[in-house]
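Data block below; observations after.
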Amino acid sequence: MKYPIQIVGAGPGSVELLTLQAHRILLDAQIILYDHLVSQDILAMNSQAKKIYVGRSAGDRTSQSHRQNHIHQLMEKYFLQGKKVLRLKSGDVLIYGRAAEDMKFLSQKKIPFQIVPGLSSGLAAASLCQIPLTERTKIHAAVIATAQTVGNISLEEHIKNLNSILEKGNTIILYMASRKFPQLAKCWEQYPNPPQIHAISHVSLPTQKHITGNAQEILQQIQKKKLVPPLIFIIQQHNPATSP
């Protein structure tokens, strides 16, 4: 590796959707720090490296800051040992991948690193399920969002902001929304023009499922466990506003 620390996006899960650059770095790595959603097929491509799971385990009650600090300590430790370190995250590292925190830490420590882009699961889901995120004269923008709120913003206010995006004929690609989807569905069902929702689970994997419907229809499928996380939601108005 040219850089001792590589922060790499592993894509949505399928080995075939790794970039060539990610594949080359993966094969060369000596230490792999990987997250929960990195597929075992991808990890198996390098049988020699030491693999350390640094994602969140079921029942893990440690704080996000504690886990992130632990990852940073491991990066520094193996860098000082002269190892080739790969920080492997699912999707793209700069889309809800916390890579900004890694970059800040490594920059402060003056440790050379490189960011390698990966295919985000939201973009992959749209292509694999043939859902246009933008369309000439109809859909002008696609907005990446999460159901998680920041600061003092309530979920209700957050949904109102999302609805204002939909009203303008835009697409919303929604991450990390499974737990809050019942609340989202309740609000969207009361919306004057309820949106059409695509829910895609296990994007790019053999277990991928894609269901389209209104909010209540999607919610029923989730509650029946026909759709299980990780989930991506792609949300659009039935009749997006058209350009003049």
Side-chain angles (χ1 to χ4, degrees), residues 1-125 144 146 148 150 173 175-176 202-206 229-230 232:
M1 293 182 183
K2 181 179 178 181
Y3 296 87
I5 304 287
Q6 300 275 358
I7 304 174
V8 177
S14 171
V15 169
E16 295 185 350
L17 294 180
L18 271 177
T19 66
L20 291 174
Q21 186 179 17
H23 179 253
R24 175 176 54 78
I25 292 169
L26 173 62
L27 295 182
D28 195 39
Q30 295 173 309
I31 305 292
I32 300 176
L33 310 176
Y34 69 97
D35 282 345
H36 174 59
L37 294 179
V38 175
S39 72
Q40 291 302 311
D41 287 343
I42 289 175
L43 290 172
M45 297 176 77
N46 183 331
S47 60
Q48 305 301 317
K50 179 177 182 179
K51 302 179 181 77
I52 303 172
Y53 177 68
V54 292
R56 184 174 183 177
S57 304
D60 184 356
R61 297 187 180 277
T62 57
S63 68
Q64 291 186 10
S65 59
H66 177 82
R67 287 195 301 275
Q68 196 66 33
N69 288 337
H70 176 61
I71 293 168
H72 293 165
Q73 290 169 9
L74 291 172
M75 285 180 170
E76 185 175 24
K77 170 186 173 181
Y78 288 112
F79 164 72
L80 293 174
Q81 291 179 9
K83 301 294 187 182
K84 299 174 183 178
V85 181
L86 167 57
R87 176 71 179 100
L88 193 60
K89 302 168 181 277
S90 64
D92 182 88
V93 300
L94 290 174
I95 299 179
Y96 304 121
R98 301 189 307 279
E101 296 173 54
D102 298 336
M103 293 164 59
K104 182 178 179 180
F105 170 80
L106 294 170
S107 296
Q108 289 174 342
K109 292 289 183 175
K110 300 189 183 323
I111 298 174
F113 66 92
Q114 178 175 227
I115 299 290
V116 178
L119 178 58
S120 178
S121 56
L123 301 181
I144 294 173
T146 171
Q148 308 301 314
V150 178
I173 308 168
Y175 292 71
M176 296 178 285
H202 293 198
V203 174
S204 82
L205 299 177
I232 288 291

Results of ring-ring contact (aromatic ring centres under 6.0 Å, His included) for Tyr34 - residues two or more places apart only: Tyr53
Which pair of heavy atoms, one from [X] and one from [Y], lies closest together, and at what distance?
X: Asn46; Y: Ala29; result: ND2-O, 3.1 Å
X: Lys83; Y: Ile31; result: CB-CG1, 3.8 Å
X: Ser204; Y: Ser14; result: OG-N, 3.0 Å
X: Gly122; Y: Ile173; result: CA-CG2, 3.7 Å
X: Ala99; Y: Leu94; result: CB-CD2, 3.6 Å
X: Met176; Y: Gln148; result: O-NE2, 3.1 Å

Would you call [X] and [Y] a side-chain contact if the rule is heavy atoms closer than 4.5 Å?
X: Pro4; Y: Lys84; result: no
X: Asp102; Y: Val93; result: no
X: Leu33; Y: Leu86; result: no
X: Phe79; Y: Pro112; result: yes
X: Met75; Y: Phe113; result: no
X: Leu123; Y: Asp92; result: no
X: Asp28; Y: Gln6; result: no
X: Arg24; Y: Leu20; result: no

Between [atom1] of [X] and [atom2] of [Y], what distance do you get to the nearest 0.5 Å?
X: Gln68; Y: Glu101; atom1: CD; atom2: CD; answer: 4.5 Å
X: Arg87; Y: Ile5; atom1: CZ; atom2: CD1; answer: 11.0 Å
X: Asn69; Y: Gln73; atom1: CG; atom2: CD; answer: 6.5 Å
X: His23; Y: Ile42; atom1: NE2; atom2: CD1; answer: 10.0 Å
X: Ile111; Y: Leu80; atom1: CD1; atom2: CG; answer: 6.5 Å
X: Ser120; Y: Ile95; atom1: OG; atom2: CD1; answer: 4.0 Å

Of the options Ile7, Val38, Ile25, which is the one that meets Leu88 in a side chain to side chain contact (heavy atoms under 4.5 Å, CB included)? Val38
Looking only at the side chains, is there a donor atom on one of Glu76 and His72 sitting less than 3.5 Å from an acceptor on the other? no
Using the rule given for side-chain contact (heavy atoms from CB on, under 4.5 Å), can you reason through Leu74 versus Val85, listing the C-alpha separation, both sets of side-chain angles and the distance that settles it, and then say yes or no? CA-CA 9 Å; Leu74 291 172; Val85 181; over 6 Å; no
Is it the case that the side chain of Lys89 and the backbone of Gly97 share a donor-acceptor pair, with hydrogens and angles ignored and the cut-off at 3.5 Å? yes
Backbone of Pro12 reached by a side-chain donor or acceptor of Ser121 within 3.5 Å: no
side-chain contact (heavy atoms from CB on, under 4.5 Å) for Tyr78 and Ile52? Distances and angles first, verdict last. CA-CA 12 Å; Tyr78 288 112; Ile52 303 172; 3.6 Å; yes
